[in-house]
There are 2 protein chains.
Amino acid sequence: MRSYGQYCSLAKALDVVGDRWTLLIVRELLLRGASRYTDLRNGLPGIATNLLADRLRELELAGIVAREEAPPPIASTLFRLTPRGEELRGALVELGRWGAPLMAEPDGDEEFRSHWLALPVELYLTDRSPDRPPVTIEVQTAGEPMVIQTADGRARARPGEAAHPDAVLRGAPDLVIGVLTGLVELAAARDRGAQYEGDPGILSRVRGEGSVPEHGTAPV
Amino acid sequence: MRSYGQYCSLAKALDVVGDRWTLLIVRELLLRGASRYTDLRNGLPGIATNLLADRLRELELAGIVAREEAPPPIASTLFRLTPRGEELRGALVELGRWGAPLMAEPDGDEEFRSHWLALPVELYLTDRSPDRPPVTIEVQTAGEPMVIQTADGRARARPGEAAHPDAVLRGAPDLVIGVLTGLVELAAARDRGAQYEGDPGILSRVRGEGSVPEHGTAPV
DNA sequence: CAGCATCCGCTTTGATACTG
DNA sequence: CAGTATCAAAGCGGATGCTG
């Protein structure tokens with residue numbers, strides 16, 4: 001990217017990560033950890049492959065991404081964030097928080113990847129009963145399943161299945177997110193095709209107090 | 001901007017404010033308040049005038065900027081942030097914080113505007129003695145002077161001169177910022193042409209505890 | 001002068017095809 | 001799997017001109 005040529009920390013940050021697709025690549029690496037090129041491409045629907053290669057090179061040069069040749073059993077190149085790259089988490093989360101109200105606008109033909117759930121989970125879920133035994137919710141909404149787990153008073157999401165989940169939530173992405181954040185009532189989500197198995201108390205335990213601010217028409 | 005087409009709050013935020021120059025326009029409106037077109041152009045050295053017009057229209061459409069016809073005595077169009085636009089402050093500050101270490105790299109031919117000082121002031125200054133009477137520092141570093149003032153335990157910057165400042169700081173932008181954030185010692189800054197008049201205690205009163213993280217070579 | 005719109009050359013991006 | 005190569009389309013930068 002062409003530099004703005006301004007002696008201002010915001011302008012200088014944008015000189016480095018302000019290019020199209022760049023922050024979304026960082027999102028992938030933040031949410032999924034070290035990833036292969038193909039996994040990145042899969043998590044970034046719409047990106048042109050040459051663009052991804054270009055950006056990874058630039059990010060490497062900027063000290064944000066490190067390339068790592070995995071040992072023989074894996075035999076693949078891995079891309080991971082450097083500590084400096086991890087420091088982008090705050091900025092990324094704040095931008096995601098600002099964008100959250102836009103999620104209410106339903107746009108049929110948008111892509112979704114289930115690991116993106118980790119961002120709303122970080123933003124809006126918590127553990128209201130940190131002293132009781134931890135709970136696990138399995139979420140099935142697109143492609144691979146995700147597991148939401150409480151630990152240290154926080155809720156975390158990771159890809160995978162749970163052996164004995166305390167609850168299982170199935171449905172379209174907007175419904176799943178709506179139910180988790182509390183924007184959509186469980187009954188309303190059920191009416192629209194979502195399924196929930198388990199004690200509803202599990203759900204209210206992880207729903208945070210601050211709800212997503214509204215913007216335009218909320219989904220129910 | 002072309003949409004990323006992803007059902008993700010970060011992607012949707014970037015759909016709206018991810019274009020080149022857009023966040024810098026928001027910076028101007030956040031730091032200076034309602035501004036005329038010409039003032040915006042002046043605070044955004046390097047922008048093409050048609051781009052500024054385009055962006056302002058897009059931001060207006062997105063509900064981030066409002067256009068306001070000022071009454072007769074001023075006779076000019078004013079652009080200001082809507083409440084939704086103000087909500088970008090958090091994301092902008094976090095990005096600015098991430099970019100702060102990049103300020104250490106001296107690049108001779110960068111533009112600077114003194115009102116940009118308000119960002120590092122917000123990021124790194126505080127009032128360590130909120131119970132004592134407030135203090136005022138006048139800063140002269142480029143174009144118009146700025147005033148840093150303590151209030152409510154915080155330090156704020158605004159354009160203008162102070163009638164009876166408790167201290168006056170003069171010098172090149174990187175020295176002024178370095179001195180304020182504590183990255184550059186006063187004596188070192190003086191050696192490099194900066195001037196400070198007043199009780200050095202004033203300075204240590206507003207310098208925050210958390211200093212700017214280093215990155216590469218710090219200035220002195 | 002403030003607030004744009006137009007034109008033009010250059011750079012960046014997107015889509016697709018191809019390769020070690 | 002991890003990219004390059006190619007080419008068309010869109011976006012950007014800079015200059016200039018227009019209008020109240």
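Atom CG in Leu44(A) sits about 15 Å away from atom P in dT13(C), given to the nearest Å. One can place CG of Leu56(B) at 11 Å from P of dA5(C), the figure rounded to the nearest angstrom. When the C1' atom of dT13(C) is taken as reference, atom CG of Leu52(A) falls 14 Å away, rounded to whole Å. If you take CD1 of Ile25(B) and P of dC4(C), they are 12 Å apart, rounded to a whole angstrom. The CG atom of Leu59(A) sits 13 Å away from the P atom of dG3(D) (whole-angstrom rounding). Remark: P of dT13(C) and CZ of Arg57(A) are 13 Å apart, rounded to the nearest angstrom. For the pair Glu68(A) CD and dA2(D) C1', the interatomic distance rounds to 16 Å; values are reported in whole Å.
With sequence neighbours excluded, the residues satisfying ring-ring contact (aromatic ring centres under 6.0 Å, His included) with Phe112(B) are Trp116(B). By the salt bridge (charged side-chain N to carboxylate O under 4.0 Å, His left out) test, Glu110(A) pairs with Lys12(B), sequence neighbours left out. When the salt bridge (charged side-chain N to carboxylate O under 4.0 Å, His left out) test is applied to Glu58(A), the partners found at least two apart in sequence or on another chain are Arg55(A). Residues that satisfy the side-chain hydrogen bond (donor to acceptor under 3.5 Å, both in side chains) test with Arg67(A), not counting sequence neighbours, are Glu60(A). Evaluation of the side-chain hydrogen bond (donor to acceptor under 3.5 Å, both in side chains) rule for Thr38(B) yields no partner, not counting sequence neighbours. Tyr37(A) meets the ring-ring contact (aromatic ring centres under 6.0 Å, His included) test with no other residue; sequence neighbours excluded. In terms of the salt bridge (charged side-chain N to carboxylate O under 4.0 Å, His left out) criterion, residue partners of Arg113(A) (sequence neighbours excluded) are, by chain and number, Glu111(A). Listed by chain and residue number, nothing satisfies the ring-ring contact (aromatic ring centres under 6.0 Å, His included) test with Tyr196(A) (two or more places apart in sequence, or in another chain). The salt bridge (charged side-chain N to carboxylate O under 4.0 Å, His left out) search around Arg27(B) returns none, not counting sequence neighbours.
The side chain of Ser76(B) places an N or O atom within less than 4.0 Å of a non-bridging phosphate oxygen (OP1 or OP2) of dG3(C). For the pair Arg67(B) and dC4(C), the criterion of a side-chain N or O lying under 4.0 Å from OP1 or OP2 is met.
End-to-end axis angle for the helix from dC1(C)-dG20(D) to dG20(C)-dC1(D), using five pairs per end and rounding to 10°, comes out at 30°.
Within a heavy-atom distance below 4.0 Å of DNA chain D, the residues of residues 28-36 of chain A found are Arg36(A).
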Legend entry - nucleotides 6-20 of chain D: protein proximity per nucleotide (B base, S sugar-phosphate only, - neither; heavy atom, under 4.0 Å): B-----SBB-B----

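Pairing each heavy atom of Leu119(B) with each of Leu31(B), the nearest pair is N-CD2, 4.3 Å.
A donor-acceptor pair is defined here as one N or O able to donate and one able to accept, closer than 3.5 Å; such a pair exists between the side chain of Tyr4(B) and the backbone of Trp21(A).
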